[in-house]
Structures are given as structure tokens and as C-alpha cells.
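First up is the structure itself, then whatever we jot down about it.
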Amino acid sequence: MEKSLAELRPGQSGIVMGLPPEREDWAGLARLGLLPGTEIRCLRRCPLGDPTVYRFRGTELALRRRDAGRILVAEAEADSGEGEV
Amino acid sequence: MEHSVALAGNPNVGKSTLFNALTGLRQHTGNWTGKTVDPARGRWKWESDSYRVTDLPGIYSLEGGSPEERVAAEYLERTPPELLVVILDATALERGLALALELRARHPRLLLCLNLMDEAERLGLRIDTEALSRAFSAPVVCTRADRRDSVEMLRQVIAVSLLGGENSRSAPGEKQGKRPGDPAALRRQAAALARDVTLTPAGARRDWDRLFLGKWTAYPLVLLLLFFLFYLTVRGANFPSALLERGLDRLGEGLGRLLSGLPPSLRSLLLEGVYGTTAKVTAVMLPPMAIFFPLFSLLEEIGLLPRVAFLLDRPFQACGSCGRQGLCMCMGLGCNAVGVTGCRIIPNPKERLAAIVTNALVPCNGRFPSLILLAGVLLGQDGRLSAAAAAGALTACMLLCWGVTLLTTLLLRKTVLRGREAGFLLELPPLRRPQVGQLLLRSLLDRTLRVLGRAAAVAAPAGALIWLLGHVQAGGLPLLAWLARKLDPAASLLGLTGTLLLAFVLSFPANELLLPLAFAIAAAAGGETQTLPGLLAAGGSLWKTGLCAGLFTLFHWPCSTTLLTVRHETGRLRWTLLALVLPSLAGILLCAAVNAVL
């Protein structure tokens with residue numbers, strides 16, 4: 001099932017399906033290795049609700065809800081072993 | 001013979017630390033992305049050869065188009081080094097390999113350096129270095145952050161690799177010189193290679209972020225850290241400060257005897273003006289800096305600063321900015337000029353401008369000693385309790401500065417710097433165990449002494465100038481006293497005295513001069529106000545004047561160095577003026593308000 005990255009909850013993982021067109025002031029997600037097919041895991045939200053930390057390919061990256069909402073993921077297996085809700 | 005070597009690697013792989021160890025230089029390091037923008041240069045000798053080394057900025061790829069990547073790509077294009085050392089974080093191999101593969105296609109002679117092997121061992125990670133070496137047909141060397149002989153070994157391997165010929169440029173079946181165009185293919189290749197050479201995968205790190213970024217613990221911890229940073233600084237600085245002052249006084253007496261042959265006025269200029277001011281600045285500044293800077297470096301090395309930026313992003317977002325501005329504010333705590341330059345890490349031009357012109361709203365270390373002394377006078381000087389009260393007051397100051405910064409940023413983003421919200425990406429590097437001993441020493445030698453040297457270099461000529469102003473007569477008074485009297489009416493509107501306001505004006509070259517200047521002005525006026533409580537009491541009420549002096553120390557015009565840096569970074573007089581006006585206006589409004597209420 002496809003959804004946006006922002007909809008993943010802490011502990012859930014997904015496979016990246018689609019990326020937003022690169023924006024100049026966005027230092028390049030692809031450069032960090034966030035490409036279609038990459039597995040990405042939602043780790044934890046900031047106590048204030050935004051931004052959220054994601055992990056992919058050994059990198060931990062914070063994204064705002066707005067930006068994460070532009071990234072499409074296919075939900076991988078549901079687990080809640082890591083991260084907090 | 002001289003060889004040229006360059007170091008390349010992802011951000012946060014310990015590249016700058018290795019560079020420092022190789023060359024004995026003390027380039028500043030920190031555990032966050034974007035620390036090194038310009039390539040740094042150094043050299044070392046090994047047996048009879050000498051090695052010139054360039055430390056390229058941390059990059060993920062050569063073609064991403066960020067400033068760091070352009071700098072690195074251009075350097076490799078124009079002045080290809082004989083040997084390119086690619087430094088990889090052993091605990092994040094895949095990411096490093098993607099860059100290494102890209103570099104291999106462009107550069108004939110590589111050396112792979114697997115750094116942070118000590119951390120990898122702690123995590124139980126094992127890597128087949130021979131397989132890695134075969135895959136790249138390049139030598140592989142392992143280094144550790146916690147052992148000095150690593151560096152000696154690296155030097156040796158570099159020397160040996162330079163003796164041999166070029167390593168075969170590419171694995172069989174690959175075309176030489178062809179740039180790998182598809183980043184996705186490169187990533188897949190890197191992922192496969194990382195899987196192949198990993199013998200035992202890393203176990204889970206201990207999840208400290210549960211604590212540092214946790215729902216209930218994150219913000220109290222940040223406040224507590226800030227509080228203890230100030231507490232240790234305040235408590236630790238009192239005693240050595242007094243000791244230093246006594247020592248420097250004695251040195252002054254000796255110097256006086258040495259200069260006894262000179263004409264009295266010249267002797268007084270040198271002794272009371274130049275030496276006296278420099279000694280005072282040193283005695284006031286050195287102890288708090290020698291405590292604050294190493295502690296701050298420690299937080300930086302562990303990797304806590306990006307986490308603070310993460311925690312602060314939401315409020316900044318609400319004001320049209322981003323958490324990276326919080327990082328620039330932290331840098332401003334050291335020196336506002338550094339904070340202004342640090343704003344380069346904010347990619348959006350309008351957000352960057354807003355962060356630049358508001359940076360001086362955070363007190364730099366030149367203002368800290370004044371704040372600490374003021375807090376001491378108002379809240380008591382000795383004992384654990386008053387130190388805690390002073391530290392609490394300083395923490396409150398930081399919260400106030402942060403609030404004013406947010407408000408000013410919001411105002412700017414709604415008016416002159418209107419624009420859409422930019423995207424926000426922030427990498428959180430793994431938390432690292434710091435090399436405490438090495439770090440403290442480096443921070444002490446490097447940051448503390450450099451800032452102190454700068455302050456002394458300004459203090460000496462300023463001391464001479466102050467002495468002259470104190471001895472030139474105007475209207476039957478020394479010029480300083482006359483000027484202070486002229487400023488009295490304006491100062492009283494702000495809850496200050498003419499003496500203090502003049503000291504603020506004259507400390508424009510360096511904030512460190514504020515209190516020495518105030519004392520010199522008071523002395524020129526011939527008053528009995530040679531102590532700080534005396535200076536404040538001259539305003540009528542110790543508390544009101546003290547509070548206003550504190551507020552005005554937090555918010556007034558930035559020093560000349562900071563303004564020149566703003567001019568340099570923005571290229572416009574307009575933004576420089578705004579950087580001057582904004583904090584001044586904040587200070588004037590706050591002081592006038594306090595003066596009206598109290």
C-alpha cells in the first residue's frame with residue numbers, strides 16, 4: 001500500500017517509491033542515498049511533533065512533516081521493535 | 001622529494017581529526033555536517049620526503065552541486081594530487097563506498113582508510129579489508145580514533161603507496177575515465193560491495209537518543225546542560241581570575257621598575273594604558289574562556305549540537321526559519337563573527353540573511369565575562385548557592401536571547417525577508433565517545449589562546465587610546481569624563497550612567513574592553529568608583545543599573561569584526577546596517593522599559 005513518508009509512525013518502515021522534484025535549497029536527498037527502492041525507517045518524532053528522524057542506508061536524517069509528505073513509500077512489514085510512539 | 005596528497009570523505013568520518021594528527025595543525029573539528037567548507041592545507045615529513053596534504057570538505061558525491069562538492073570537484077579537476085586518500089567511517093561503510101567508487105572512476109591512485117575502527121570493534125563489526133582492497137585494487141589501512149600509532153601507520157602506508165605505481169584504475173569490465181552517471185546504480189554497487197566485505201554486521205548502538213531526544217527528557221536535558229555549562233564556568237573562574245589579577249599586578253610593578261628611566265608621561269602611557277588594559281582584559285577573560293570553550297567543544301565533539309538544532313526546529317519553523325539557525329546561535333556563543341560565517345550552513349538565502357543579521361543577539365565570549373561579573377555583583381559572589389543563582393541568571397539570559405532572536409526573525413520574515421518556507425534536511429550524526437584529554441588540550445590551546453590573542457591585540461592599542469583620552473582636557477575635564485557627562489542624560493533614559501554608555505560606545509572594536517573601559521572612564525572622572533558595585537551604584541540603584549547594564553550587554557551594536565564579517569558575507573551595506581540597528585534597538589527598548597517600570 002502506498003502512502004506518504006509523513007504517514008509512517010515511529011517504528012514503521014517503508015520502501016521509497018517516488019521522490020519530489022529536487023528543489024535547489026534542498027541539499028539533495030538523492031545525494032544522501034535516498035533513492036527509489038531504498039528502505040527507510042521512521043525512528044522518532046521531535047517531542048514538539050515535528051520534525052521526525054528517519055534512518056536509511058546507515059544515515060539518520062531529520063525531515064519536516066511537510067517535506068516528508070512529498071515522498072511516496074510502500075509500507076514494509078509492520079513492526080514496532082524500535083523507536084517510540 | 002615532495003609529494004601531494006589529498007584527503008576526501010563523507011562528512012563526520014573523522015577526516016579533520018586525522019588531518020590534524022597527520023600535520024600537527026589544529027584545524028577545528030566538530031561532530032556535525034558542514035564544518036569544513038574551504039580545503040585546509042598542511043604538510044608533514046616522513047624520512048627524507050615531505051608531503052603536502054589538502055583536506056577537502058566532507059562530501060557525499062562529486063556531483064551534488066552543494067558548495068562543498070563544487071570546491072572538492074574543482075580541486076580534483078585542477079590540481080589532481082598524486083595520491084587521494086579516501087576516508088571511510090567503518091560503521092557506515094555503504095555511504096563511504098558510494099563516494100569511493102565515484103572517486104575511483106576519476107582518480108588514478110587511491111588509498112582507502114577505514115577510520116573509527118575502535119567504534120566498529122565496540123559494535124562487533126568485522127570487515128574483510130583484503131576483499132575490499134581487491135575490489136578497489138587499492139591499499140586499505142585501518143585507523144582508530146583512540147590510538148596515536150594509527151597515524152604513524154597511515155603516514156607509512158601513504159609513503160609506501162606513493163613508491164608503487166598507480167593502482168589499476170578499475171575493476172575488469174569497467175570503462176576507464178567514464179563518470180558513473182547514474183547515482184542509483186552507484187548506490188546499488190556500493191550496497192552490494194558493503195554487504196560482500198562485511199564479515200560480521202554491527203550490533204545495535206546503545207540508543208542514547210531515547211534520552212537526548214526523548215519526549216520527556218529532551219528539553220529538560222538541554223536546559224540542564226546549559227545550566228551546568230554556566231555553573232562550572234562561573235564557579236571555576238572566580239578563584240583563578242583573582243589569582244591571575246594579583247600575578248599580573250606584580251608583573252606590572254616589575255615592569256614599572258624596568259621602565260623607570262622613561263619620561264613619566266610615556267611611562268604612564270605604557271604602564272597604565274597599554275599594560276594595565278591588556279592585563280585586565282586577560283585576567284577577566286582567560287579563566288571563563290579556559291573553562292567554557294573546552295566544555296563547549298566537548299558537547300560539539302559528542303554530536304549534541306545537531307540534536308539541539310533538531311529540538312529547536314519547530315519554534316524556528318513557526319518563525320519562518322529552521323533549526324540550523326540554532327546551530328549558528330551556538331557558534332555565536334563563541335564569537336559572533338564565527339556565528340555569522342557559520343550561517344553558510346543554511347541553504348535558503350532569505351533564511352540565511354535573517355540568521356546573519358540576528359546573530360549578534362546571542363552574547364559572544366567577549367560579553368560573557370561582563371555578564372558573569374554583573375551576575376556576581378547582583379547575586380553574591382561566593383559559595384555554591386550564588387554561583388548556582390548566577391548560572392540560573394545566565395541560563396535565563398540565553399532563553400531571553402533566544403526569544404528575542406525568534407521574534408526578530410519572525411518580523412524579518414514577515415517584512416523585508418518575506419518568502420516561502422524552505423525544505424529542511426538535517427543529518428544527525430551518530431553520537432561519539434569523545435577523546436577527552438586530546439580534545440580539552442586542543443580546545444584550550446587553539447580556541448582559547450587564539451581568542452585571547454585577538455583580544456589582547458585589540459586591548460593594547462585601545463589601552464593607549466583610552467589613556468590619551470583620559471589625559472586630554474576638554475572643558476576643564478579629561479576628555480573621557482567630559483564625554484561621559486555629555487552622555488549622562490541619554491544614558492539615564494536607559495537606566496545606565498554616562499560612564500557605562502561611553503564604555504559601550506568605545507568598546508566597539510572589542511566587547512572584551514567594556515569593563516576595563518568603564519573603570520578607566522570612572523578613574524578619569526576622579527570618582528571613588530573603582531569597583532563594579534561602585535560603578536553601578538553611581539546610577540542611583542545598584543539593581544536597576546545592574547539589570548540595564550546586563551540587558552545592554554546582551555543587546556547592543558555588534559563589534560566591528562562582526563559587522564565587517566556581515567558585510568563580507570552579505571556583500572551589502574544594507575544588511576550590515578540592519579545587523580547594527582536590530583540588536584541596538586532591542587537593547588534600547590528593553591532598557592527603557594526596565595527603566596520606566598523599576
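If you're wondering where the values come from, they're calculated on a predicted model, not measured in any experiment. Residue numbering restarts at 1 for every chain, and letters A, B, ... go by the order of the sequence lines.
Annotation: the span from B/E94 atom CD to A/T59 atom OG1 amounts to 8.5 Å, rounded to 0.5 Å. The NZ atom of B/K215 sits 11.0 Å away from the CG atom of A/L48 when rounded to the nearest 0.5 Å.
Annotation: maximal heavy-atom pairing with chain A below 4.5 Å, among B/T217, B/D313, B/D89, occurs at B/D313. Counting heavy-atom pairs closer than 4.5 Å to chain B, the top residue among A/G37, A/P36, A/G58, A/A62 is A/A62.
The 12-atom threshold is exceeded at CZ of B/R122, counting heavy atoms of other residues, nucleotides or ligands nearer than 6.0 Å.
At least one side-chain heavy atom of A/R44 sits under 4.5 Å from a side-chain heavy atom of B/D207. Here the side chains of A/L63 and B/F424 are not in contact, with every heavy-atom distance at 4.5 Å or above. In this structure, the side chains of A/R64 and B/R314 stay at 4.5 Å or more apart for every pair of heavy atoms. For the pair A/P51/B/Q317, no side-chain contact is recorded, criterion being any heavy-atom separation below 4.5 Å from C-beta on. Contact check for A/R57 versus B/R95: no side-chain heavy atoms found under the 4.5 Å cut-off. Between B/D209 and A/E60 there is a side-chain heavy-atom pair separated by less than 4.5 Å.
Take B/R413 and apply the side chain to side chain donor-acceptor pair (under 3.5 Å) test, not counting sequence neighbours, and it matches no residue. The side chain to side chain donor-acceptor pair (under 3.5 Å) test applied to B/T405 returns no partner, not counting sequence neighbours.
With a 4.5 Å cut-off on non-hydrogen atoms, B/A98 does not touch chain A at all. Interface residue B/A191: only side-chain heavy atoms are found under 4.5 Å from chain A. Both the backbone and the side chain of A/L61 come within contact range of chain B, with heavy atoms under 4.5 Å apart.
Of all the heavy atoms in A/P47 and B/G214, the pair that sits closest is CG-O, 3.5 Å.
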